[in-house]
Each structure stands twice: as structure tokens, then as C-alpha cells.
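Counting begins at 1 with the first residue of the sequence.
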Amino acid sequence: MTTRNPRHPDHSETVMTQLVLQQHSNAVGTLFGGQLLAWVDIAAGVCAMRHAGRVAVTASFDEVAFKLPVRHGDIVVLTARITWVGRTSMEIRVRAEREGLDGARELALEAFTTFVAQDDAGQPTPVPPLRLDSDADRACYAEALERRARRLAHAGR
């Protein structure tokens with residue numbers, strides 16, 4: 001049974017770093033979008049599992065915005081952070097920054113994903129509530145509620 005004590009977004013924040021190698025690049029030397037999305041899914045999944053304290057699976061990807069190309073040889077730093085939790089589901093924002101060898105970072109992608117925690121039988125299971133201590137965290141939560149309403153409307157629910 002998952003603990004129901006509220007958890008702060010810092011508890012599960014996940015930072016993942018990847019080097020863009022030749023096998024990750026297309027014919028013009030930029031990162032395959034699908035490869036970046038796979039890394040987003042991994043970072044978000046780790047974040048969701050840390051928050052839930054159990055296995056969590058991808059339910060949706062939405063509001064994916066590719067902002068800048070990432071090139072062969074660049075470093076990609078992905079930061080995944082919980083923005084909203086329901087009874088069994090969690091929204092995670094992932095930001096991917098491209099980092100040059102000089103250490104300068106630029107936002108290359110922002111995406112919002114939804115994950116659902118599962119019990120040992122593969123059924124949805126409750127997750128801890130989110131503890132919001134700052135105005136910034138409360139603003140992220142309010143924006144997440146709006147995205148959730150749009151997702152549900154789009155799904156016809």
C-alpha cells in the first residue's frame with residue numbers, strides 16, 4: 001500500500017543527462033524527435049515512480065513543443081517535475097535543454113505527460129497527494145488543472 005502522506009514536488013524531481021551520439025541523429029545531424037520523446041518518457045516515468053512509490057505507466061503525452069534543434073554532440077539535460085496528482089494519475093512536466101560545451105543551456109523542448117500508478121496486479125492504485133508550499137508550485141498546479149480539463153474534454157469525458 002502506498003503511503004498517503006503528501007509529497008513535495010522536490011521529492012520526485014528527476015534530472016537526466018544524455019549525450020547526443022551519431023545513432024541518435026538524423027541525416028542532417030540533428031537529434032531524432034522520437035529519441036528525445038523516448039528520453040522524456042523515461043525521465044517522466046522515473047519522476048512518477050518516485051512520487052508514487054510504485055510502478056507507473058504512461059497514459060498520455062500532450063502539449064509537446066519542440067523549440068530548438070538539438071545537434072549531434074550536444075548534451076541534453078531533461079528535468080521532470082510533478083505538477084498535479086489525482087487519485088491514481090500524475091501530470092509531469094518535462095523540460096529538455098540543449099547544453100553546449102561552454103555550459104550554456106537553451107530550452108529545446110517542453111512536454112506534459114500523464115502517468116498512472118499501478119498495483120502488483122497492474123491495476124490503477126492511489127498515489128500520495130501533492131504538497132504545495134510555494135506560490136510557484138500552486139501556479140503550476142492550477143495550470144495543470146486547466147490542461148487536465150482540456151484532456152478530459154478532448155477525450156469526451
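Minimum interatomic distance between Ala52 and Val127 (heavy atoms only, all atoms of both residues): CB-CG1, 3.8 Å. The two atoms that bring Gly73 and Leu19 nearest to each other are O-CD1, 3.7 Å, heavy atoms only.
Tyr141 and Trp84 have tilted rings, their planes meeting at an angle from 30° to 60° on a 0 to 90° scale.
By the criterion of side-chain heavy atoms lying less than 4.5 angstrom apart, applied directly or through intervening Ile, Leu, Val, Met, Phe, Trp or Tyr residues, Val20 is grouped together with Val94 in one hydrophobic cluster. Taken together through direct or relayed side-chain contacts under 4.5 Å among Ile, Leu, Val, Met, Phe, Trp and Tyr, Ile92 and Val116 form parts of separate hydrophobic clusters. Linking Ile, Leu, Val, Met, Phe, Trp and Tyr whenever their side-chain heavy atoms come within less than 4.5 Å leaves Val77 and Val46 in two separate clusters. Transitive grouping of hydrophobic side chains (ILVMFWY, heavy atoms separated by less than 4.5 Å) brings Phe61 and Ile42 into a common cluster. Cluster annotation: Leu132 is connected to Val85 through the hydrophobic network of ILVMFWY side chains, with a link wherever side-chain heavy atoms come within less than 4.5 Å.
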Between Thr114 and Arg151, is the side chain to side chain contact (heavy atoms under 4.5 Å, CB included) condition met? List the steps.
CA-CA 10 Å; Thr114 304; Arg151 276 193 300 274; 3.5 Å; yes
For Leu36 and Phe66, what are the C-alpha separation, side-chain angles and deciding distance, and is it a side chain to side chain contact (heavy atoms under 4.5 Å, CB included)?
CA-CA 10 Å; Leu36 184 53; Phe66 291 93; 4.0 Å; yes
Could you go through Arg54 and Asp120, starting from their C-alpha distance and side-chain angles, then the distance that decides it, and tell me whether this counts as salt bridge (charged side-chain N to carboxylate O under 4.0 Å, His left out)?
CA-CA 9 Å; Arg54 9 193 358 97; Asp120 294 338; 3.4 Å; yes
Start with the C-alpha distance between Val40 and Leu78, add both sets of side-chain angles, then the distance that settles side chain to side chain contact (heavy atoms under 4.5 Å, CB included), and finish with yes or no.
CA-CA 7 Å; Val40 166; Leu78 299 108; 3.8 Å; yes
Please determine whether side chain to side chain contact (heavy atoms under 4.5 Å, CB included) holds for the pair Leu37 and Leu109, giving the CA-CA distance in whole Å, both sets of side-chain angles, and the decisive distance to 0.1 Å.
CA-CA 9 Å; Leu37 291 176; Leu109 172 142; 4.3 Å; yes
For the pair Lys67 and Glu106, evaluate salt bridge (charged side-chain N to carboxylate O under 4.0 Å, His left out) and give the outcome as yes or no after the intermediate values.
CA-CA 9 Å; Lys67 298 185 180 280; Glu106 299 175 279; over 6 Å; no
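Interatomic distance, CG of Leu152 versus CZ of Arg147, reported as 13.0 Å (0.5 Å rounding). Distance check, rounded to the nearest 0.5 Å: CZ of Phe115 to CE of Met90 gives 8.0 Å. The OG1 atom of Thr17 sits 10.0 Å away from atom CD of Glu97, with the distance rounded to the nearest 0.5 Å. In this structure, Asn26 CG and Leu31 CG are separated by 8.0 Å, a value rounded to the nearest 0.5 Å.
Proximity of a side-chain donor or acceptor of Ser25 to a complementary backbone N or O of Leu21 within less than 3.5 Å is detected. Counting only distance, with no hydrogens or angles, the side chain of Arg98 and the backbone of Pro69 share a donor-acceptor pair below 3.5 Å. Remark: side-chain polar atoms of His51 are not paired, donor with acceptor, to backbone N or O of Ala48 under 3.5 angstrom.
Surrounding CD of Gln23 are more than 12 heavy atoms belonging to other residues, nucleotides or ligands, all under 6.0 Å away.
Using a 4.0 Å cut-off between charged side-chain N and carboxylate O, Asp10 and Arg50 make no salt bridge. Contact check on Arg138 versus Asp135 returns a salt bridge, with a Lys/Arg side-chain nitrogen under 4.0 Å from an Asp/Glu carboxylate oxygen.
For the side chain to side chain contact (heavy atoms under 4.5 Å, CB included) test with Arg7, the passing option among Pro129, Pro128, Ser12 is Pro128; the others fail.
In this structure, a donor-acceptor pair under 3.5 Å is present between the side chains of Glu91 and Thr83. The closest side-chain donor-acceptor pair between His154 and Asp62, if any, does not fall under 3.5 angstrom.
Using a 4.5 Å heavy-atom threshold, the side chains of Phe112 and Arg148 count as separate.
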